[in-house]
Undergrad: 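Here's a structure for you.
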Number of protein chains: 2
Amino acid sequence: MLSYTEENYLKAIYHLSGAGERPVLTNELAETMQTKPASVTDMVKKLSAKNLIAYEKYYGVNLLKQGKLQALQIIRKHRLWETFLVNKLGFTWDEVHEVAEQLEHIQSGLLIEKLDKFLEYPTVDPHGHPIPDPSGKIKEVKQIPLADFPAYKKCTIRAVKNGSPSFLQYLSKIGIYIEASVSIVDKVEFDGSLEVSIDNKKRVFISREAAQNLMVTG
Amino acid sequence: MLSYTEENYLKAIYHLSGAGERPVLTNELAETMQTKPASVTDMVKKLSAKNLIAYEKYYGVNLLKQGKLQALQIIRKHRLWETFLVNKLGFTWDEVHEVAEQLEHIQSGLLIEKLDKFLEYPTVDPHGHPIPDPSGKIKEVKQIPLADFPAYKKCTIRAVKNGSPSFLQYLSKIGIYIEASVSIVDKVEFDGSLEVSIDNKKRVFISREAAQNLMVTG
DNA sequence: ATTATTTTTTAGGTTAATCTAAACTTTTAT
DNA sequence: ATAAAAGTTTAGATTAACCTAAAAAATAAT
Ligand SMILES: [Mn+2]
Ligand SMILES: [Mn+2]
Ligand SMILES: [Mn+2]
Ligand SMILES: [Mn+2]
């Protein structure tokens, strides 16, 4: 049984490592965990002793099979709870993350099973992020940033990359949402900003940075 | 902001004190908290320093206004979550307590507000226990143990007193549930056991002890 | 190839929540 | 009223998760 803190470390390592692909360094982990490098060293030793990660002094940590599985279970819970909060309780997509950070640590297999069923087995959360299945498998869909999509061609908004509340609120305000059908109608060479048509009904200007955080499929 | 442990202590003090009526002694608190008296002494000093309880050395603790309010907020959350688990997720009434013990500590006013609305403002939980309103007020309804109810008169099962999973499972098995209409059709002088008619359809024998744990209204 | 800078680890402490063992109060029994 | 028993508190440790400051290793700059 993992502690609340251990679970959060595993989750952070998963995200920072790109789903377990690259090693994660002490300082970046300290940064995301909002703690000091010395504390991180303590914790990675502990997780390493539990065979959840491989720790090599001065060279960072890598997720091991068990650690990755645990991380995925927590992410699964997080995203199911976010889906619940939006779909059933009427939260907006910018309000759910903080609460889900707490709910993801509730220990009950039965609860998650029943929650999943109640939500009718969703595959993505309110931010378009995939929900791992009970065994930790993720259905990957190839998405590219709107910033890299060709102009004048229709595409569908599938997910946000950076899901900060302020970005999400901004998107809602200008009328961009998951599943919206959009196309780039103008591109400013100078700064990469775009004019985007939404559902053939509305046109908005967004910065390159915003367009890099919107993931689409053709 | 209270810690997880502080919240659990306040809740235990609330229940052991009969909603704040009597003082609670160190040993009984140690018993329910599954800890040692020495640890309890430490914690009650802390809660006392926060003005949540009044602690008198060797004579136990009494809930203060703020402590009682906090306890009631936690109980409110516990019971709303139990209601959610049964009414929305399809848990049985014997499965919910443990999970609610965890969920009651989630910190989000908005969440509880929206959960309450989603459940359509329930007044009692799956065990018939009243759900305090947002300000901590409880709508008390006078109930008496079935064991003390006169024979041959109809009454309604309103709540269980001891809600242990095994008792709840037993009640389900013999067909007793909250809101069932029952009457005592026979009383054995020797051991106080009863024959009970349920909904005029079924008759079951229950012990005095069981009858003392079933709360009814006439 | 040294030296300087950055990154990471180690050493030694702190706080919350626990524990055991010993000391102290209160209650009960003689 | 005194002694025994029961209940409670204090003293001193332990563990998890953190910290600061100093030491060590890796990386970058001259
Ligand atoms: Mn989130
Ligand atoms: Mn999300
Ligand atoms: Mn309960
Ligand atoms: Mn209950």
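Order of the sequence lines fixes the chain letters, A, B, ..., with proteins taken first and strands second; residue numbering starts at 1 for each chain.
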Undergrad: Sequence neighbours left out, what passes side chain to side chain donor-acceptor pair (under 3.5 Å) with Ser207(B)? Give chain and number order.
TA: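 If we apply the side chain to side chain donor-acceptor pair (under 3.5 Å) test to Ser207(B), skipping adjacent residues, there are no hits.
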Undergrad: Are OP1 or OP2 of dT10(C) and a side-chain N or O of Lys45(A) less than 4.0 angstrom apart?
TA: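 Yes, Lys45(A) has a side-chain N/O under 4.0 Å of OP1/OP2 on dT10(C).
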Undergrad: With sequence neighbours left out, what residues match Glu189(A) under side chain to side chain donor-acceptor pair (under 3.5 Å)?
TA: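 Glu189(A) satisfies side chain to side chain donor-acceptor pair (under 3.5 Å) with no residue once adjacent residues are dropped.
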Undergrad: Could you work out, with side chain to side chain donor-acceptor pair (under 3.5 Å) as the rule, every residue matching Glu120(A), not counting sequence neighbours?
TA: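 Once residues adjacent in sequence are excluded, Glu120(A) has no partner under the side chain to side chain donor-acceptor pair (under 3.5 Å) criterion.
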Undergrad: Tell me what Tyr55(A) touches on the nucleic acid: a base, only sugar-phosphate, or nothing, going by heavy atoms under 4.0 Å.
TA: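 Sugar-phosphate, backbone atoms only, no base.
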Undergrad: Please list, in numerical order, the residues of residues 5-12 of chain A that have a heavy atom closer than 4.0 Å to any atom of DNA chain D.
TA: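 Within residues 5-12 of chain A, the residues near DNA chain D are Thr5(A), Tyr9(A).
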Undergrad: Does anything in residues 24-40 of chain A reach DNA chain D, meaning a heavy atom under 4.0 Å, and if so which residues?
TA: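 Within this stretch, Thr35(A), Lys36(A), Ala38(A), Ser39(A) sit under 4.0 Å of the strand.
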Undergrad: Enumerate the residues from residues 57-64 of chain A whose closest heavy atom to DNA chain C is under 4.0 Å, giving them by residue number; use none for an empty result.
TA: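 Heavy-atom cutoff 4.0 Å gives Lys57(A), Tyr58(A).
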Undergrad: Taking only residues two or more places apart in sequence or in another chain, which ones pass side chain to side chain contact (heavy atoms under 4.5 Å, CB included) with Gln169(A)?
TA: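 Side chain to side chain contact (heavy atoms under 4.5 Å, CB included) list for Gln169(A), sorted by chain: Asp94(A), Pro165(A).
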Undergrad: Using the test ring pair (Phe, Tyr, Trp, His ring centres under 6.0 Å), find all partners of Tyr4(A) that sit at least two apart in sequence or belong to another chain.
TA: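 Ring pair (Phe, Tyr, Trp, His ring centres under 6.0 Å) list for Tyr4(A), sorted by chain: His105(A).
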Undergrad: What pairs with Tyr9(A) under ring pair (Phe, Tyr, Trp, His ring centres under 6.0 Å), at least two apart in sequence or on another chain?
TA: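 Checked Tyr9(A) against ring pair (Phe, Tyr, Trp, His ring centres under 6.0 Å); zero matches.
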Undergrad: Can you tell me how the ring of His127(B) sits relative to the ring of Trp93(B), calling it parallel under 30°, perpendicular over 60° and tilted otherwise?
TA: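 If you compare the ring of His127(B) with that of Trp93(B), the planes turn out parallel.
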Undergrad: Kindly write out the residues that satisfy side chain to side chain donor-acceptor pair (under 3.5 Å) with Arg76(B), not counting sequence neighbours, or none if the list is empty.
TA: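 Partners of Arg76(B) by the side chain to side chain donor-acceptor pair (under 3.5 Å) criterion, ordered by chain and then number, come out as Asp116(B).
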Undergrad: Can you name the salt bridge (charged side-chain N to carboxylate O under 4.0 Å, His left out) partners of Lys36(B), sequence neighbours left out?
TA: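 Applying salt bridge (charged side-chain N to carboxylate O under 4.0 Å, His left out) to Lys36(B) gives none.
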Undergrad: Enumerate the residue pairs fulfilling side chain to side chain donor-acceptor pair (under 3.5 Å) with a member in residues 57-67 of chain A, sequence neighbours excluded, ordered by first and then second residue.
TA: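 Sorted pair list comes back empty.
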